[in-house]
Amino acid sequence: MLNILKDFFGMVMASCFIICYIPQIYKTFKTQSVQDLSLLYIIISMIGYISGIMYLVLSQSFILFLVLNYSLGLIMTIFLMVAYYKFKS
């Protein structure tokens, strides 16, 4: 039972961290404005996701929700970085 709860909360965590980028990406591309976007936030997020991926690789761990969280989170962060430079005025 404890493993089921652990896996459940792990998937909820990964889903929330992945989904939380979607509204910002949508708003940025819809309004074509990055005025409220922090470049420092994007850079720190990117470093964090790359570090998470490297941690999993180096520790030879394959925990599905962490792999999804770090890889998809990094992809979302890259979208924000592209939007930042595309729409920066």
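Taking all atoms of both residues into account, the shortest heavy-atom contact from Y84 to V34 is CA-CG1, 3.5 Å. Shown here for L56 and Y70, the closest heavy-atom pair between the two residues is CD1-CD1, 3.5 Å. In this structure, N69 and A14 approach most closely via the heavy-atom pair CB-CB, 3.8 Å. For the pair I42 and L37, the tightest heavy-atom approach, listed with the atom from each and the gap, is CD1-CD2, 3.6 Å. T28 and A83 make their closest contact through CG2-CB, 3.5 Å (heavy atoms, listed as atom of the first residue, atom of the second, distance). Scanning both residues, M46 and I78, for their nearest heavy atoms gives CE-CG1, 4.0 Å.
Summarising the local packing, CZ of F79 is surrounded by 12 or fewer heavy atoms from other residues, nucleotides or ligands at distances under 6.0 Å.
Separation of atoms NZ (K88) and OG (S33) is listed at 13.5 Å; rounding is to 0.5 Å. To the nearest 0.5 angstrom, S45 atom OG is 10.0 Å from L74 atom CG. Between M54 atom CE and S59 atom OG the span is 10.5 Å, to the nearest 0.5 Å. We find the CD1-CG distance between I18 and L68 to be 5.5 Å, quoted to the nearest 0.5 Å. Separation of atoms CD1 (I22) and CE (M76) is listed at 4.0 Å; rounding is to 0.5 Å. Here the CG-CD1 distance, from L66 to I53, works out to 11.0 Å after rounding to the nearest 0.5 Å.
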*Step by step, would you call D36 with K27 a side chain to side chain contact (heavy atoms under 4.5 Å, CB included)?*
CA-CA 10 Å; D36 297 329; K27 178 183 175 192; 3.9 Å; yes
*Let me see the working for V67 and I63 under side chain to side chain contact (heavy atoms under 4.5 Å, CB included), right down to the final yes or no.*
CA-CA 6 Å; V67 171; I63 303 168; 5.8 Å; no
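Linking ILVMFWY residues whenever their side-chain heavy atoms come closer than 4.5 Å, directly or via other members, leaves F8 and F17 in distinct clusters. Connection of M13 to I19 is not established within any shared hydrophobic cluster, with ILVMFWY side chains joined at heavy-atom distances below 4.5 Å, either directly or through further cluster members. Linking Ile, Leu, Val, Met, Phe, Trp and Tyr residues whenever their side-chain heavy atoms come within less than 4.5 Å places Y49 and I43 in a single cluster. Hydrophobic clustering, with ILVMFWY side chains joined whenever heavy atoms are under 4.5 angstrom apart, groups Y55 together with L64. With hydrophobic clusters built from ILVMFWY side chains whose heavy atoms lie under 4.5 angstrom apart, Y41 shares a cluster with V82.
The aromatic ring centroids of F87 and F29 lie less than 6.0 Å from each other.
Side-chain contact between Y85 and L39: present, with at least one pair of heavy atoms (C-beta onward) separated by less than 4.5 Å.
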